[in-house]
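Below: one structure, written as structure tokens.
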There are 2 protein chains.
Amino acid sequence: MLTKEELPFCPVATTVDLIGNKWKLLIMRELLKGTKRFNEIHRLVDGISQKVLTENLRKMENDGIVKREVFPEVPPRVEYSLTELGDSLRPIINSMSDWGTDYIKNNLMEQK
Amino acid sequence: MLTKEELPFCPVATTVDLIGNKWKLLIMRELLKGTKRFNEIHRLVDGISQKVLTENLRKMENDGIVKREVFPEVPPRVEYSLTELGDSLRPIINSMSDWGTDYIKNNLMEQK
DNA sequence: CTGTATCCCAGTGGATACTG
DNA sequence: CAGTATCCACTGGGATACAG
């Protein structure tokens with residue numbers, strides 16, 4: 001997206017282009033808690049395949065919101081963390097978390 | 001999603017399930033500005049097809065975040081607006097808008 | 001105007017096997 | 001461990017035609 005300049009820089013569309021999909025948002029949720037290894041994220045983001053995880057991490061790296069650090073060890077270790085730009089997205093994930101918490105409380109726990 | 005109870009109510013995942021895709025977020029952006037007719041949204045959400053718009057509006061209606069009101073006129077008029085639940089998502093879109101604004105300012109307007 | 005109904009293609013993403 | 005490489009199924013989404 002963002003290919004056509006007919007989008008005169010809508011802020012919401014810009015953000016959506018960077019993290020407006022399920023997997024990126026869930027990966028963000030984990031990385032906001034701190035640096036993580038590949039397999040950790042794979043385990044924590046429920047249902048994601050190795051392929052899709054790799055693809056999304058690469059995109060996020062290219063967009064400058066994720067930093068990838070390779071440690072030349074055996075077995076290999078690769079750590080992913082948020083860049084400063086990535087961390088600046090924290091308020092968005094937080095607001096989603098806040099809303100979700102309320103929603104669950106009010107709508108999914110009708111056991112009053 | 002949310003089919004497997006292996007998701008022990010993660011707030012972010014819950015929110016992502018409801019509005020974690022491009023089109024819904026952009027539709028939200030418009031409806032947060034006020035009630036709109038079908039064709040208005042179609043015009044304002046750049047690139048969306050009639051079919052996809054209808055599908056997403058139906059899903060959002062079923063999820064209780066959008067209200068659909070039909071006026072028995074000729075030609076027909078249908079107005080879409082946010083429910084109270086839908087409007088409660090405002091902070092999320094706002095934080096995305098805020099972040100996008102900063103991002104554009106800092107990264108896409110390097111004309112200093 | 002506001003849809004529904006088809007057809008169909010491209011891309012997303014799952015499963016599996018293999019590698020450094 | 002952290003990928004890459006395939007193969008493939010499914011579906012999101014475009015185009016088009018038609019309807020109330």
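In the text below, chain A, chain B and the rest are named by the order of the sequence lines, each starting its count at 1. If you're wondering where the values come from, they're calculated on a predicted model, not measured in any experiment.
Under a 3.5 Å cut-off, the side chain of A:Thr15 and the backbone N or O of A:Pro11 do form a donor-acceptor pair. Without hydrogens or angle criteria, A:His42 side chain to A:Ser49 main chain gives no donor-acceptor distance under 3.5 Å. Formation of a donor-acceptor pair under 3.5 Å by the A:Ser97 side chain with backbone atoms of A:Ile93 is not found in this model. No donor-acceptor pair closer than 3.5 Å links the side chain of B:Asp87 to the backbone N or O of B:Thr83.
Going from atom CH2 of B:Trp23 over to atom CG of B:Leu25 covers 11.5 Å, rounded to the nearest 0.5 Å. Put simply, CE on B:Met28 and CG on B:Asn56 are 12.0 Å apart, with the number rounded to the nearest 0.5 Å.
Side-chain atoms of A:Arg58 lie closest to D:dT4 of the nucleotides C:dG3, D:dT4, D:dA2. Distance from the side chain of A:Arg37 is smallest for D:dC1 among the nucleotides D:dG3, D:dC1, C:dT4.
Residue A:Tyr80 places at least one side-chain N or O closer than 4.0 Å to OP1 or OP2 of D:dG3. In terms of phosphate contacts, A:Arg68 brings no side-chain nitrogen or oxygen within less than 4.0 Å of OP1 or OP2 of D:dA2.
In this structure, B:Glu73 atom CD and C:dG3 atom C1' are separated by 16 Å, rounded to whole Å. Atoms CD (A:Glu69) and C1' (D:dC1) sit 16 Å apart, rounded to a whole Å. To the nearest angstrom, C1' of C:dC1 lies 6 Å from CG of B:Asn39. Following rounding to the nearest Å, A:Phe38 (CZ) and D:dC1 (C1') show an atom-to-atom distance of 9 Å. Here the P atom of nucleotide C:dT12 and the CG atom of A:Leu53 are 16 Å apart, to the nearest Å. The distance between atom NZ of A:Lys36 and atom P of D:dC1, rounded to the nearest whole Å, is 17 Å.
The existence of a salt bridge linking B:Glu79 and B:Arg77 is confirmed by a sub-4.0 Å separation between a basic side-chain nitrogen and an acidic carboxylate oxygen. Of the charged side-chain nitrogens involved, none lies within less than 4.0 Å of a carboxylate oxygen, so that B:Arg43 and B:Glu40 do not count as a salt-bridged pair.
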Handout entry: Contact pattern, 5' to 3', of nucleotides 13-20 of chain C - B, S or - by protein heavy atom under 4.0 Å
Key = BBB----B
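Terminal axes of the helix from C:dC1-D:dG20 to C:dG20-D:dC1 (five pairs each, C1' rotation axis) are separated by 50°, to the nearest 10°.
Side-chain contact check for A:Arg68 versus A:Tyr80: some heavy-atom pair is nearer than 4.5 Å.
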